[in-house]
Protein chains: 2
Amino acid sequence: MGTTPSTDTEPLRADSARVRARMLQAARKRVADGDLELPMNAVAKAAGVGVGTVYRHFPTRQALLEALAAERYTLLVAEAEQAAAGPDVAAEVARLLRAALEHQRCDPALAAVLAEPDAARQETRDLGQALAAAVDRLLERARAAGEIRPDITVDDLRALVCGLQHAVTVSGDATDDRYLAILLRGLRA
Amino acid sequence: MGTTPSTDTEPLRADSARVRARMLQAARKRVADGDLELPMNAVAKAAGVGVGTVYRHFPTRQALLEALAAERYTLLVAEAEQAAAGPDVAAEVARLLRAALEHQRCDPALAAVLAEPDAARQETRDLGQALAAAVDRLLERARAAGEIRPDITVDDLRALVCGLQHAVTVSGDATDDRYLAILLRGLRA
DNA sequence: ACCTGAACACCGTTCAAGT
DNA sequence: ACCTGAACACCGTTCAAGT
């Protein structure tokens, strides 16, 4: 993995950065149009680059998805950190789950990334760790306050939120709030 | 839809039935091997028939999936009808949801079919209607007994069970029972 | 170094030709 | 009637050749 620029630890050369931005833009457009498939050939053509270039920057469809999701993932981590520090634990749990649902709804790529346990990019692993740390702090407080079932782990919460998102998708009617209320009630100690 | 034999209302000619069975067997093998993609060409080759024959019997990947899921779907409907008639409403709701989870876990094709609102085959629509009718009777009783949130509809329950199944899948650990308990608690009036 | 795009394998889908 | 499989378009992935 030493030759791929996809981890963007180094400031890409200007032309490379431009090309990369074009690919991400093309991919984002596809996702926005409701196509999570992200065919590499199609992305390449839409971005006006050769297929090999797409593969060089994103060795995997998963890597491309993660790059797309990174921005919203970062927002979610920030909200988790706020929630972990917020005053009213129960309210913070509710706020965070609602935010997670909302972010997944706005960015299907994020929903896919959260549901996939093995991240392809280092950046995604870092985000996942930061998220887990913040949620763990929140859970600890919630447990101490007797506000949540003591057996719930960070990973349970991740799975349950992904499931809730799926439930909202399956039901045509956008009834996030009711389903969220059901989950919150079910999580109570 | 007048020329397709896929609705099996008429007793297929013997050779046609044989060919059909071979295709279903090949498809089932793929699903059992964890591949829900069901490439028509691959199914055809595995079944030793021409691609056109697969398309004739199953005009769509969705139709093929539904044919695969029909058997377990039928079992699920039977359990729903038992549950609707059972003595202890709360226990029947729990039993039914547990059964739905279990059937989805055993047959990924069923999970896909339950999550898809628009059925491709008439048989699937019939099963869906029978299931909805039974679940509705159960819900009516549960509401009357004050055992469930009164706003929960049959479609909510379908979505929530699909979501729960997804949560179990996302979490590597097979923790169905805990997640089921959370949902049941959340559903209480 | 980085990018291009031809090349090969595979899948979706149709349809003319066989029995 | 039913089945076959060639045909065409498209996508995944690699890699030799260009700059």
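Note on naming: letters A, B, ... go to the chains in the order of the sequence lines (proteins, then strands), and numbering restarts at 1 for each one.
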*For M23(A) and dT4(C), what is the distance between atoms CE and C1' respectively, to the nearest whole Å?*
13 Å
*State whether a side-chain donor-acceptor pair under 3.5 Å links Q122(B) with R125(B).*
yes
*asked:* Below the 4.0 Å mark, does dC3(C) have OP1 or OP2 next to a side-chain nitrogen or oxygen of S16(A)?
replied: yes
*asked:* If you assign each of N41(A) and T53(A) to its closest nucleotide in DNA chain C, which residue comes earlier from the 5' end?
replied: T53(A)
*Atom CG of L64(A) and atom P of dC11(D): how far apart are they, to the nearest Å?*
15 Å
*Given atom CD of E37(A) and atom P of dG12(D), what is their separation to the nearest angstrom?*
8 Å
*Enter the distance from L183(B):CG to R185(A):CZ here, rounded to the nearest 0.5 Å.*
12.0 Å
_For the C1' atoms, the ones on dG5(C) and on dC10(D), what distance do you get once it is rounded to whole angstrom?_
16 Å
_Whole-Å distance separating the OH atom of Y55(A) from the P atom of dG5(C)_ = 16 Å
*Please report, rounded to the nearest Å, how far the C1' atom of dC10(C) is from the CG atom of D35(B).*
13 Å
*When we call it a touch if two heavy atoms are under 4.0 Å apart, what does V49(B) touch: a base, just sugar-phosphate, or nothing?*
sugar-phosphate
*Look at all strands and tell whether V51(B) reaches a base, only sugar-phosphate, or nothing, counting heavy atoms closer than 4.0 Å.*
base
*asked:* Assess, by modelled atom type and distance only, whether the side chains of Y73(A) and D107(A) contain a donor and an acceptor separated by less than 3.5 Å.
replied: no
*Between H103(A) and E79(A), do the side chains contain an N or O donor and an N or O acceptor separated by less than 3.5 Å?*
yes
*H57(A) side-chain N/O to dC3(C) phosphate OP1/OP2 under 4.0 Å*: yes
*In whole angstrom, what separates R56(A)'s CZ from dC2(C)'s P?*
5 Å
*Starting at CG of L101(B), measure out to OH of Y179(B) and round the result to the nearest 0.5 Å.*
12.0 Å
*Measure from CE on M40(B) to C1' on dT14(C) and round the result to the nearest Å.*
13 Å
*Taking the nucleotide of DNA chain D with the closest heavy atom to each, which residue, A42(A) or G52(A), is nearer the 5' end?*
A42(A)
_Base-pairing assignment for dA1(D) (Watson-Crick or G-U wobble, both under 3.5 Å)_ = dT19(C)
*May I have the distance from K45(A) (atom NZ) to dG12(D) (atom P), rounded to whole angstrom?*
12 Å
*asked:* Under a 3.5 Å cut-off for both contacts, is dA9(D) paired Watson-Crick or G-U wobble with anything, and if yes, with which nucleotide?
replied: none
